[in-house]
**Q** 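My questions will all concern the structure given below.
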Amino acid sequence: MRRPFVAGNWKMNLNQAEAVKLVRELAEELKSNAVEVGVCPPFVYLTSVAVAIGDAEIRLGAQDVYFESNGAFTGEISCQMLQDVCCEYVILGHSERRHVIGETDQLIHRKLQAVINSGLKPILCVGETIEQRDAGRTEKVVQEQLAGGLGDLSAAQLGNLVIAYEPVWAIGTGRNATPDQAQDVHRFIRGWLTQKFGPQFAQSVRIQYGGSVKPSNAGELMAQTDIDGALVGGASLKAADFLGIIRATAQAKGL
Ligand code: 13P
């Protein structure tokens, strides 16, 4: 069985004291968990959060990375720097980076390659806008983002891949995809992975759902066959809400 993975994407939120307080509250409750749990703070708080995690079973992730390992790239952060501060995961291709910052599939692919080569674990985000969904293009868009992001990497290289399906229209809007809508796209993604890499690999990849996940809707989303956890934005900023989502996930998966 795929171990469910619930990660909090804090985005550009919290100050240092708030970040440490939040992770301490989580660490109290998360000493050993059936569900894998991660937090992705802003770069500047990674070290303080790593220290606050202590011996709790909480993975540390970054929200982005650059593909070069060092050099004259003002403002950028490398995989090696992330590993130096105990990061294990990196979010790539989040819709806010695609749509606000203008990242392309080509750039995301270069980042993914660097992440894989470094031994970090990628969380590759895909998802359609409301216009694309209304035009019946959801599967085409998701397929292009998967193909563009993964490129010609092999199943062996992608052993640690996590995918996050985040419909853009559900992010930060309070309007989550229904369990059926989400499951349809998750099934499509797993089918695409099966065709490209074979069933054994496709069955092993965890596909998170992201977009207005809350304690109140997590259970029914996580009960879907092809949903293996969540990438949580707003609700990951409050310990009680994030813990509620983790518990709902464990319950939905019978753990
Ligand atoms: P919200 O949970 O705030 O909708 O954000 C989802 C998200 O973008 C996680 O990466």
Side-chain angles (χ1 to χ4, degrees), residues 4-14 18-19 22-23 26 35-43 45-46 49 58-65 87-103 108 111-112 115 121-130 132-133 138 141-142 145-146 149 161-179 181-182 185-186 189 206-222 224 227-249:
F5 181 26
V6 175
N9 174 9
W10 295 0
K11 309 193 179 183
M12 198 173 73
N13 291 299
L14 307 178
E18 290 164 343
L22 172 56
V23 85
L26 297 175
V35 172
E36 186 173 352
V37 176
V39 292
C40 304
F43 287 131
Y45 304 138
L46 284 168
V49 169
I58 301 175
R59 319 279 189 219
L60 189 62
Q63 298 174 18
D64 187 34
V65 73
C87 264
E88 185 173 341
Y89 285 95
V90 186
I91 299 172
L92 294 173
H94 190 277
S95 76
E96 286 142 24
R97 296 211 62 86
R98 292 176 188 269
H99 297 291
V100 183
I101 314 287
E103 287 197 9
I108 294 162
K111 293 182 175 192
L112 184 76
V115 165
K121 301 173 181 174
I123 302 175
L124 175 65
C125 301
V126 297
E128 80 288 359
T129 63
I130 193 64
Q132 291 165 332
R133 171 163 283 261
T138 297
V141 168
V142 167
Q145 292 171 336
L146 288 171
L161 176 70
V162 176
I163 292 174
Y165 168 58
E166 301 204 305
V168 180
W169 47 272
I171 296 179
T173 57
R175 178 187 165 198
N176 61 286
T178 65
Q181 282 174 324
V185 181
H186 282 236
I189 293 171
R206 291 174 301 174
I207 309 174
Q208 299 174 315
Y209 167 77
S212 299
V213 177
K214 310 180 262 276
S216 58
N217 61 20
E220 53 178 13
L221 284 160
M222 297 307 133
Q224 304 300 311
I227 302 187
D228 308 309
L231 188 56
V232 186
S236 72
L237 299 172
K238 290 201 182 117
D241 286 353
F242 193 53
L243 290 166
I245 291 168
I246 295 163
R247 288 191 194 109
T249 302

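In listed order, ligands and their atoms are each counted from 1. Every value quoted in this text rests on a predicted model; they were computed, and no experiment measured them.
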**Q** Does ligand 1 have any atom sitting under 4.0 Å from a heavy atom of Lys214?
**A**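 Judged by the 4.0 Å heavy-atom criterion, Lys214 does not count as contacting ligand 1.
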**Q** Any atoms of ligand 1 less than 4.0 Å from a non-hydrogen atom of Lys11? List them with their elements.
**A** 5 (O), 6 (C), 7 (C), 8 (O)
**Q** State the atoms of ligand 1, each with its element, that fall below the 4.0 Å cut-off from a heavy-atom position in Gly172.
**A**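 Those of ligand 1 that fall under 4.0 Å from Gly172 are 1 (P), 3 (O), 4 (O).
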**Q** Taking a cutoff of less than 4.0 Å between a non-hydrogen atom of the residue and any ligand atom, is Ala170 in contact with ligand 1?
**A**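 Contact check Ala170 vs ligand 1: positive.
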**Q** If I apply the N/O under 3.5 Å rule, does Gly211 come out as touching ligand 1?
**A**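 No, Gly211 has no N/O under 3.5 Å of an N/O on ligand 1.
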**Q** Check the side chains of His94 and Glu166 for a donor-acceptor pair under 3.5 angstrom, ignoring hydrogens and angles.
**A** yes
**Q** Any idea which atoms of ligand 1 are less than 4.0 Å away from a heavy-atom of Glu166?
**A**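 The list of qualifying atoms is 6 (C), 7 (C), 8 (O), 9 (C), 10 (O).
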**Q** Verify whether one side chain among Glu128 and Trp169 offers a donor that lies under 3.5 Å from an acceptor in the other.
**A**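 Yes - a donor-acceptor pair under 3.5 Å links their side chains.
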**Q** Could you tell me whether Asp64 and Arg97 have a side-chain N and a carboxylate O separated by less than 4.0 Å?
**A** yes
**Q** Between Arg59 and Glu88, what is the shortest heavy-atom contact and its length?
**A** CD-OE1, 3.2 Å
**Q** Going by atom types only, do Tyr45 and Glu18 share a side-chain donor-acceptor pair under 3.5 Å?
**A**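 Judged by distance alone, the side chains do not pair up.
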**Q** In the structure I gave you, are the side-chain heavy atoms of Pro42 and Gln63 within less than 4.5 Å of one another anywhere?
**A** yes
**Q** Would you mind running through ligand 1 and noting each atom that sits below 4.0 Å from a heavy atom of Asn9?
**A** 9 (C), 10 (O)
**Q** Starting from atom 2 (O) of ligand 1, which protein heavy atom do you reach first, and at what distance in Å?
**A** Gly233 N, 2.9 Å
**Q** Which ligand 1 atoms are under 4.0 Å away from a heavy-atom of Gly234?
**A** 1 (P), 2 (O), 3 (O)
**Q** Checking side-chain polar atoms at under 3.5 Å, does Tyr89 have a donor or acceptor matched by the opposite partner on Glu36?
**A** yes
